[in-house]
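None of the values given here were measured: they were computed from a predicted structure. Note that ligands are numbered from 1 as they come in the structure, with each ligand's atoms numbered from 1 the same way.
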Amino acid sequence: MPNMNVRVRYGPSPTGEPHVGNIRTALFDWLLARRFGGQFIVRIEDTDQSRAVEGTEQLILDALTWLGLDWDEGPDIGGPFAPYRQSERLPMYAEAAQRLVEEASAYRCNCSSERLDALRKSQQKAKQPPGYDRRCRDLDVSAQEPHVVRLAMPSEGDTIVNDYLRGEVSFQNSLLDDHVLLKRDGFPTYHLASVVDDHHMQITHVIRGEEWLSSAPRHVQTYAALGWDEPAWVHIPIIRGPDGAKLSKRHGATSVRQYADEGFLPEALLNFLALLGWSKDETTTIMSRDEITEAFSLDGLGLASAMFDIERLREMNARYIRDLDPSDFLRRGRPHLETRVGSSVSDGALERLLPIAPAIQERVKLMPEFADYTDFFFTEGPLEYDNSELMGRAYRNKPWAALESVEASLKTLRSIDETEWTTPGLEAALRELASERGEKPGAVFTPIRVAATGKRIAPPLFETLETLGQALTVERLNAAAERLARPDD
Ligand code: GLU
């Protein structure tokens with residue numbers, strides 16, 4: 001396969017926020033194109049104008065960009081087969097439909113919607129399969145009348161779809177009706193538009209969800225009628241939630257943007273999505289985009305249904321966060337911190353967090369949590385917390401004992417030489433203090449942690465104090481001592 005000619009297209013309909021299932025198709029397209037040096041094309045399938053939602057084309061492109069899936073041809077950048085929006089390609093569909101009618105492979109139909117409704121109802125009643133009864137197939141409906149164009153499907157025999165993952169899939173023609181190619185308003189249906197575009201755009205592989213497999217015999221017949229070569233068909237398993245049902249909003253976030261907003265990293269989502277239907281081998285799960293691209297082939301796709309396990313995605317995300325370069329981690333965390341503190345955070349201020357970044361990376365599972373572990377470095381004025389938190393378990397209901405401990409800590413912290421204000425220096429001094437006082441380290445450390453950060457759960461204490469600096473640490477411990485000294489607080 002290495003020198004395979006690959007042109008693949010992602011054909012989203014601009015009807016809403018791009019969904020993860022849909023984006024996974026784009027990912028497989030992109031991977032195949034990048035692996036074999038081919039082209040990845042974005043084509044906006046907007047022939048159903050009643051369902052089109054303004055602005056969603058941009059959301060689709062943004063989602064691809066966020067995941068790092070760049071395209072070679074598309075509605076925004078054009079390309080040799082422009083335009084890349086189906087609504088701008090109407091003459092090509094009309095021409096194909098016209099040729100099919102002239103060659104008697106298709107025909108004009110003027111059945112009214114009332115007639116079609118009545119037909120459907122009577123079929124339902126008689127428990128017959130639904131479908132058009134071909135009334136107009138032998139009539140010569142004039143082009144001047146309002147009409148649709150239908151493909152004259154074979155009524156006997158089978159249509160074989162050669163699917164890459166399934167081999168030959170056979171469909172009984174008697175169960176397939178003469179579907180509409182061109183609607184009354186001159187717009188094509190998906191069935192016609194996708195075939196015409198895939199042919200003109202020289203698409204080699206059609207990768208799409210298996211919900212389209214049942215339409216594939218219609219497409220195969222359209223190719224045959226037009227005398228065109230078919231692309232390779234690759235129908236990938238649909239994504240299911242843990243309950244086995246098709247992934248939907250009920251399973252939580254499903255739009256790519258929601259995952260971004262919740263704090264998933266694009267590389268984690270990409271890795272996770274790649275494994276929904278594809279694998280390199282039985283064991284490898286964590287792979288960078290380059291590694292996936294390198295290993296990707298259609299043969300790695302499988303038919304087992306792809307289960308969307310959000311816990312797995314969370315774990316992967318935590319792992320990716322942990323593995324980020326610390327300065328990259330800080331840069332990505334910055335917007336969350338800025339939202340929390342309500343002001344911008346300078347590069348210099350961010351850099352001060354560099355020594356503590358790896359410890360925070362161990363704890364953050366979703367990027368917005370970055371703010372929980374860093375906001376107190378930027379808080380001006382007193383921190384908010386309860387005295388009970390300050391006292392912790394060791395000094396519960398004993399403010400005087402907590403005060404005594406905080407004062408002893410203060411004394412130690414004040415006496416530390418500036419050059420010793422380091423993680424090991426602080427650790428040695430405070431552990432010694434605890435042992436001198438005959439107390440468990442946790443008893444002494446809890447009030448210091450809460451006083452310095454305002455939280456019981458914070459990054460590791462000594463790294464935190466080192467980053468906070470001696471002056472601010474002492475100031476915050478003083479404030480804590482004052483609070484403890486006021487018994488009615
Ligand atoms: N417009 C179709 C969709 O949004 C594309 C199907 C295909 O890839 O052929 O699902």
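Scanning the protein for heavy atoms near atom 9 (O) of ligand 1, the closest one is Y190 OH, 2.4 Å. At the top of the distance list for atom 3 (C) of ligand 1, counting protein heavy atoms only, stands G11 O, 3.7 Å.
For the side-chain hydrogen bond (donor to acceptor under 3.5 Å, both in side chains) with H191, the qualifying choice from R218, H179, H219 is H219, the only one to do so. No option in H336, R340, K455, R363 other than R340 meets the side-chain hydrogen bond (donor to acceptor under 3.5 Å, both in side chains) test with D372.
The minimum heavy-atom distance between R137 and M153, with the atom names listed, is NH1-O, 2.9 Å.
Ligand 1 places these atoms under 4.0 Å from at least one heavy atom of S13: 1 (N), 4 (O). Heavy-atom contacts of E45 reach the following atoms of ligand 1: 1 (N), 2 (C), 5 (C) (cutoff under 4.0 Å). Those atoms of ligand 1 with a heavy atom of W212 less than 4.0 angstrom away are 2 (C), 3 (C), 6 (C), 10 (O). In summary, the atoms of ligand 1 found under 4.0 Å from a heavy atom of R9, numbered by their order in the structure, are 7 (C), 8 (O), 9 (O).
A salt bridge is defined here as a Lys NZ or Arg NE, NH1 or NH2 lying under 4.0 Å from an Asp or Glu carboxylate O, and K365 with E315 fails to meet this definition.
Side chains of Q39 and R7: a donor on one and an acceptor on the other come within 3.5 Å.
Taking distance alone, with nitrogen or oxygen atoms compared against 3.5 Å, N22 stays at or beyond that limit from ligand 1.
In summary, the aromatic rings of Y164 and W233 are positioned with their centroids too far apart to meet the 6.0 Å limit.
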